[in-house]
Number of protein chains: 2
Amino acid sequence: MTIVDSADELGRRDRKKLETRAALEHAALTLVAERGLAAVTVEDIAEAVDVSSRTFFNYFPSKEDALIGPGPASAAELRAKLEAVPAEVPVLEALRLITRSELERVQERPEQWMLRLRVYEQNPSLLPKLVSSGSEAEQVVMAAVARRCGVEPGTTGYPELATGAALVAVRVAMTRWSAAGGRLALTDLADEAFAQLAAGLPNP
Amino acid sequence: MTIVDSADELGRRDRKKLETRAALEHAALTLVAERGLAAVTVEDIAEAVDVSSRTFFNYFPSKEDALIGPGPASAAELRAKLEAVPAEVPVLEALRLITRSELERVQERPEQWMLRLRVYEQNPSLLPKLVSSGSEAEQVVMAAVARRCGVEPGTTGYPELATGAALVAVRVAMTRWSAAGGRLALTDLADEAFAQLAAGLPNP
DNA sequence: GCAAAAATTTCAGGATCTGCAATGTTTCAG
DNA sequence: CTGAAACATTGCAGATCCTGAAATTTTTGC
């Protein structure tokens, strides 16, 4: 019996919680992929997992949130990662580096994410949430970028612009990855997008 | 009696419709600015204008839509404008030009738009809709960019990236404009953002 | 005026989402 | 093993959102 338990050694309770959450996510994704967002009710999803619809709302604040998937690890983690990049590295390159690890996590679950991305394509009302602007994560990254540049946030617009552009690059990479059926490496696609940004988006 | 009526010569009916729509927009904006999005119901808005709540939904598909304001003129118009720009002009510059006229329209109604932008700041859940990705307008512009570059849409990601980056530039410009209380010209702020994009977002 | 067209209203109803209280489970200390 | 505390699930009531359809009122063109 080790003193420090491995991270995924959880009690029965938390294990069941994770199971239920995953089951709800999965049911939501497959049902919406089959029938479309509007034709799936929360009750349908809950029934597929055999829990009450009230329980669904204990896990997700809205139907859409069950489709969004895990966002970035945590705002604090993102911030730490960004601050770990040496100051000489240009901002855009730093942003590329910290998104890379997020995208690697996406790439590890191809089926799940391709399904998710297909759902997004077919239900464009979800698209704004794919990399949701205004999210806490974006705010934190933006603030860190501002600090890195020695700019007051909200004065030059540079941090907002760089962060926003990076999110667009991520979104484009994911969409292309989905369209290519996973035959291209997601990280390569992201690198390409970042390179185009760094080059000033010259005509191709 | 001229043969061609001026554009805003409308019958009483259409005039009233515009009035009602404007009144609903205004009521929605002021109420939400005062109390916050969650604390304002559709019934509140309808009551403030003295119409039934069902009528509200005849004008707007959702509560949020009453706050969003007039999007781009029309998708077809955007497309035409973009195609009117000579082919030698770089894509990003072309995008700057067509967004400029949209922003000029915003600048003409400063109070209304500053109010709107304040509401957006205070209710971040609306932010993704400020320049809504996935909207018809974005799709059309993206397709036009693809044509202009002679690229198949969805293969290189360039049109998506350029269009998305342009929208970020617009969003940043509007946010800064709002933060500056309108003391700076919105079009100048947008020009600045586009210049940073074209320069490849170098560290400031 | 009068009849057609259009806008508004009323009504019924499905769906989303939130508190709250009751009822099970899981955990942990003794 | 056992009881109590902690936590998860559930049912229920209710507010709000949004839609379709039919009834009613207003506007328009003649």
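Chain letters run A, B, ... following the sequence lines, proteins first and then strands; every chain starts at 1.
Note that A:Arg109 lies outside the cation-pi zone of A:Trp113, set by a 6.0 Å cut-off to the ring centre and a 45° limit from the axis.
One atom, CG of A:Leu37, and another, C1' of C:dA15, lie 12 Å apart when rounded to the nearest Å. Per the geometry, NZ belonging to A:Lys16 stands 15 Å off P belonging to C:dG24, to the nearest Å. A:Leu18 has its CG atom 11 Å from the P atom of D:dA8, to the nearest Å. The distance from atom CZ of A:Phe57 to atom C1' of D:dA15 is 14 Å, rounded to the nearest whole Å. If you take CD of A:Glu43 and C1' of D:dG11, they are 13 Å apart, rounded to a whole angstrom. The CZ atom of B:Phe60 sits 13 Å away from the P atom of D:dC18 (whole-angstrom rounding). When rounded to the nearest whole Å, the span between CG of A:Asn58 and P of C:dC20 equals 14 Å. Note: CG (A:Asp65) to C1' (C:dT16) measures 13 Å, nearest angstrom.
A donor-acceptor contact shorter than 3.5 Å links the side chain of A:Arg148 to the backbone of A:Val85. Distance alone, capped at 3.5 Å, places no donor-acceptor pair between the A:Thr55 side chain and the A:Val51 backbone. Between the side chain of B:Arg96 and the main chain of B:Asp191, no donor-acceptor pair closer than 3.5 Å is present.
Note on B:Lys63: every side-chain N or O is 4.0 Å or more away from OP1 and OP2 of D:dC18. Using a 4.0 Å cut-off, some side-chain N or O of B:Lys17 falls inside it from OP1 or OP2 of C:dA7.
Distance from the side chain of A:Val51 is smallest to D:dT10 among D:dT10, C:dT8, C:dT27. Of the candidate nucleotides D:dC18, D:dT16, C:dT9, D:dT16 has the atom lying nearest to any side-chain atom of B:Thr41.
Comparing the local axis fitted to the first five base pairs of the helix from C:dG1-D:dC30 to C:dG30-D:dC1 with the one fitted to its last five gives a bend of 20°, rounded to 10°.
Backbone-only engagement by B:Ser62 is indicated by non-hydrogen atom pairs under 4.0 Å involving sugar-phosphate atoms exclusively. Residue B:Thr55 is classed as a base contact, given a heavy-atom separation below 4.0 Å to a base. Using a 4.0 Å heavy-atom cutoff across all strands shown, A:Tyr59 reaches sugar-phosphate atoms only and no base atom.
Salt bridge status for B:Arg176 with A:Glu160: absent, with no side-chain N to carboxylate O gap under 4.0 Å.
A residue-by-residue look at A:Val42 and A:Arg54 shows that A:Val42 has its nearest nucleotide of DNA chain C further toward the 5' end.
No side-chain donor-acceptor contact under 3.5 Å links B:Glu104 and B:Thr187.
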Kindly indicate, with the supporting measurements, whether the criterion salt bridge (Lys or Arg N to Asp or Glu O under 4.0 Å) is fulfilled by A:Arg79 and A:Glu83.
-> CA-CA 6 Å; A:Arg79 181 189 151 153; A:Glu83 281 168 353; 3.3 Å; yes

